[in-house]
Amino acid sequence: MGSVFDTLNERGMIAQVTHEEQIKEILEKEKVTFYIGFDPTADSLHVGHFLQMMVMAHMQRAGHRPIAIIGGGTAMVGDPTGKTDMRKMMTREEIQRNANKFKQQLSKFIDFSEGKALMIDNAEWLLELNYVKFLREIGVHFSVNRMLTAECFKSRLERGLSFIEFNYMLMQSYDFLKLFQEYDCKLQLGGDDQWSNILGGIDLIRRVESKEAYGMTFTLLTTSEGKKMGKTEKGALWLDPEKTSPYDFYQYWRNVHDADVVKCLKLLTFLSMEEIEKLAQLKDQQINEAKKVLAYEVTKLVHGEEEAVKAQQAAEALFGQGGVAKDMPSTEVFLDEIAAGMNVLDLLIKVKLISSKGEGRRLIKQGGIYVNDERVETADLVVNEQDFKENELMIRKGKKVYHRVILIK
RNA sequence: GGAGGGGUUCCCGAGUGGCCAAAGGGGGCAGACUGUAAAUCUGUUGUCUUUCGACUUCGAUGGUUCGAAUCCAUCUCCCUCCA
């Protein structure tokens with residue numbers, strides 16, 4: 001029966017901690033208020049945030065109180081960490097809109113009721129800061145020399161770093177101080193790339209309050225090849241079903257590399273370590289079973305059980321034998337559009353499986369397009385009403401991309 | 001403020017008057033092999049038509065020329081050095 005710390009640790013989530021012993025201790029004995037910051041720079045959270053959310057959920061389950069900080073103020077400055085060039089500035093409105101979406105998504109993981117968790121926008125205090133006052137109270141505590149030695153600035157120094165970005169660290173540190181003072185928040189968590197920013201906050205608290213605060217960072221979600229995970233050809237893998245359908249989401253995890261399955265199970269599901277161990281024993285083909293579990297569990301967490309089941313069924317119907325999948329992407333077509341016959345290429349375009357006719361021709365030439373499971377041999381093929389079975393037509397591109405066309409009479 | 005360098009197709013990056021829809025790499029997509037994996041190999045990767053071909057693209061706008069990504073002018077953005 002270990003503490004959350006052990007749980008997080010054995011799942012391989014923890015990257016660095018500031019004071020291992022003390023953190024273990026407070027996590028075991030106290031109800032700790034901690035925070036994680038989220039940058040509202042996109043209109044949806046993506047898998048990159050997923051791990052942070054898992055951590056928050058784990059912590060909350062262990063009785064601690066999470067604060068999700070929406071970086072409404074800091075987003076107006078831009079975190080230089082890991083960016084090769086300056087981030088584009090965002091308007092208040094954009095940030096606000098994004099922040100609202102975040103809250104919805106976070107609510108699936110964290111219970112915000114009865115003050116069990118808080119969500120705060122740091123714009124609340126950052127936007128009102130008085131420059132001179134800030135410099136006098138906060139700025140004095142930072143040594144430029146030391147900041148420059150931080151890895152995140154070092155790399156940027158070669159390319160150029162604007163003053164505004166340079167200040168990001170101060171603002172994030174100030175957040176921590178503020179939360180420490182007002183909410184007794186003494187632990188900051190974050191991705192491993194946030195390490196130096198977190199240290200900044202801890203330092204600041206020590207100097208201003210003469211009290212100890214703690215920090216802990218988590219593994220960044222990367223593939224075994226060291227690439228950031230969750231990037232797809234269409235961009236990030238979003239948690240918003242409007243931006244990434246549950247089916248695609250499921251498929252992403254269904255298709256992770258062998259080497260990453262166990263890691264993902266540990267990091268992204270609540271399955272017990274015993275169950276994961278069991279799955280980790282699987283070899284070769286059987287690994288697919290583990291991948292199914294992974295895909296199902298992760299989809300369930302993000303989109304709910306119902307969607308996860310649907311996605312799984314859809315996938316099985318398609319990749320297993322026969323069966324009709326109801327929940328893959330589909331497009332409706334009206335009878336009069338099809339009555340006279342419609343060229344495959346036009347149909348493919350309509351259904352957005354291809355973006356140009358040239359692409360379609362190429363795919364067909366290479367044997368990558370199937371209609372109702374029959375390989376399309378020529379781009380001249382015309383599809384008409386007779387091709388629909390029970391008002392449905394199945395189009396497949398390559399091996400994995402399916403699309404259902406529904407005929408509306 | 002002064003001096004210099006630069007903006008090329010998804011990304012990086014060649015290309016300095018016709019042979020350029022534009023090398024090479026990366027990435028993407030498809031095919032083979034497989035396990036809805038990885039690795040590998042092959043093809044492909046502006047649009048339209050596919051057969052020749054037509055059209056649009058090299059920061060923006062004008063200009064020179066039979067012909068411009070390549071030359072000129074103006075504008076714009078970025079970077080480096082100096083102050």
Side-chain angles (χ1 to χ4, degrees), chain A residues 80 83-89 155-165 222-237 245-265 279-296 298-299 311-323 325 327-329 343-346 348-349 351-371 373-382 394-403:
Chain A
K83 303 289 181 304
T84 39
D85 34 55
M86 189 157 155
R87 188 180 280 189
K88 50 181 173 289
M89 303 245 196
S155 50
R156 282 302 302 277
L157 275 176
E158 286 157 23
R159 299 188 59 100
L161 175 71
S162 74
F163 185 67
I164 183 171
E165 293 173 284
T222 53
T223 67
S224 51
E225 288 156 352
K227 288 184 201 146
K228 266 196 184 169
M229 223 160 175
K231 294 278 179 207
T232 69
E233 63 282 4
K234 288 168 196 135
L237 193 65
S245 77
Y247 175 77
D248 286 338
F249 189 83
Y250 178 92
Q251 282 297 313
Y252 179 85
W253 300 107
R254 181 59 247 268
N255 285 320
V256 294
H257 299 352
D258 287 7
D260 297 320
V261 183
V262 174
K263 180 166 78 183
C264 289
L265 282 168
L279 291 169
Q281 300 304 316
L282 299 173
K283 286 276 175 299
D284 303 324
Q285 285 193 36
Q286 294 180 315
I287 284 185
N288 278 316
E289 290 307 313
K291 289 186 187 177
K292 276 187 205 166
V293 175
L294 171 69
Y296 175 77
V298 177
T299 309
Q312 184 162 46
Q313 283 171 350
E316 267 168 23
L318 289 170
F319 291 102
Q321 339 280 341
D327 286 288
M328 76 183 82
N343 181 273
V344 231
L345 294 175
D346 292 321
L348 285 167
I349 286 189
V351 150
K352 296 199 180 75
L353 240 32
I354 56 172
S355 55
S356 73
K357 292 192 175 180
E359 184 185 349
R361 285 205 183 82
R362 200 185 333 119
L363 279 164
I364 289 171
K365 202 182 292 174
Q366 298 185 133
I369 293 292
Y370 296 77
V371 168
D373 262 340
E374 274 182 47
R375 184 174 271 185
V376 176
E377 304 289 349
T378 159
D380 299 328
L381 184 79
V382 171
M394 192 71 71
I395 305 182
R396 186 171 115 216
K397 176 181 127 185
K399 287 175 193 157
K400 299 179 196 170
V401 186
Y402 289 82
H403 200 98

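Since the structure is predicted, the reported quantities are computational estimates derived from the model, not experimental observations. In the text below, chain A, chain B and the rest are named by the order of the sequence lines, each starting its count at 1.
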> I need the CD-P distance between A:Gln286 and B:rA38, as an integer number of Å.
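To the nearest whole Å, that distance equals 19 Å.
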
> Please name all residues satisfying side chain to side chain contact (heavy atoms under 4.5 Å, CB included) with A:Lys399, sequence neighbours left out, ordered by chain then number.
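With sequence neighbours excluded, A:Lys399 shows a side chain to side chain contact (heavy atoms under 4.5 Å, CB included) to no residue whatsoever.
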
> Can you name the residues that form a salt bridge (Lys or Arg N to Asp or Glu O under 4.0 Å) with A:Arg396, not counting sequence neighbours?
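Checked A:Arg396 against salt bridge (Lys or Arg N to Asp or Glu O under 4.0 Å); matches are A:Asp373.
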
> Checking contacts here: which listed nucleotide (B:rA37, B:rA30, B:rG35) is nearest the side-chain heavy atoms of A:Lys400?
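For the A:Lys400 side chain, the nearest candidate turns out to be B:rA37.
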
> Taking atom P of B:rC29 as reference, at what distance in whole Å does atom NZ of A:Lys365 sit?
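After rounding, the reported distance stands at 20 Å.
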
> Which residues pass the ring pair (Phe, Tyr, Trp, His ring centres under 6.0 Å) test with A:Tyr250, sequence neighbours left out?
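Applying ring pair (Phe, Tyr, Trp, His ring centres under 6.0 Å) to A:Tyr250 gives none.
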
> Consider the side chain of A:Lys399, meaning its heavy atoms from C-beta on, and name the nucleotide among B:rG35, B:rU34, B:rC29 that approaches it most closely.
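So the nucleotide nearest the side chain must be B:rU34.
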
> The side chain of A:Val401 lies closest to which of these nucleotides: B:rU36, B:rA37, B:rA30?
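That would be B:rA30.
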
> Provide the Watson-Crick or G-U wobble partner of B:rC66, both distances under 3.5 Å; none if there is no partner.
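Paired with B:rC66, as far as the under-3.5 Å criterion goes, is B:rG18.
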
> Would you indicate which nucleotide in B:rU36, B:rC29, B:rC33 comes nearest to any side-chain atom of A:Ala315?
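So the nucleotide nearest the side chain must be B:rU36.
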
> Sort out the partner of B:rC10 for me: Watson-Crick or G-U wobble, both distances under 3.5 Å, none otherwise.
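Partner of B:rC10: B:rG26.
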
> Under a 3.5 Å cut-off for both distances, is B:rA73 Watson-Crick or wobble paired, and to whom?
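WC or wobble partner is B:rU61.
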
> Which residues pass the side-chain hydrogen bond (donor to acceptor under 3.5 Å, both in side chains) test with A:Lys357, not counting sequence neighbours?
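So A:Lys357 forms a side-chain hydrogen bond (donor to acceptor under 3.5 Å, both in side chains) with A:Asp346.
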
> Among all residues two or more places apart in sequence or in another chain, which pass the side-chain hydrogen bond (donor to acceptor under 3.5 Å, both in side chains) test with A:Arg362?
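Scan of A:Arg362 (side-chain hydrogen bond (donor to acceptor under 3.5 Å, both in side chains), adjacent residues dropped) gives none.
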
> Identify each atom pair where a protein N or O and an N or O of nucleotides 54-56 of chain B are less than 3.5 Å apart, giving names and distance.
none

> For the pair made of CG in A:Leu353 and P in B:rC29, what is the distance, rounded to whole Å?
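Distance, rounded to whole Å: 13 Å.
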
> If you take atom types as modelled and just measure distance, does the side chain of A:Lys292 reach the base of B:rU36 with a donor-acceptor pair under 3.5 Å?
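There is none.
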
> What string of B, S and - do you get for nucleotides 42-49 of chain B, 5' to 3', if B is base contact, S is sugar-phosphate-only contact and - is no contact with any protein heavy atom under 4.0 Å?
-BSS-SSB

> List the residues meeting side chain to side chain contact (heavy atoms under 4.5 Å, CB included) with A:Glu289, not counting sequence neighbours, and say none if there are none.
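Checked A:Glu289 against side chain to side chain contact (heavy atoms under 4.5 Å, CB included); matches are A:Leu282, A:Lys292.
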
> Report the residues that fulfil side chain to side chain contact (heavy atoms under 4.5 Å, CB included) with A:Ile395, sequence neighbours left out, ordered by chain and then residue number.
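Once residues adjacent in sequence are excluded, the partners of A:Ile395 under the side chain to side chain contact (heavy atoms under 4.5 Å, CB included) criterion are A:Leu347, A:Leu348, A:Leu353, A:Leu393, A:Val405.
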
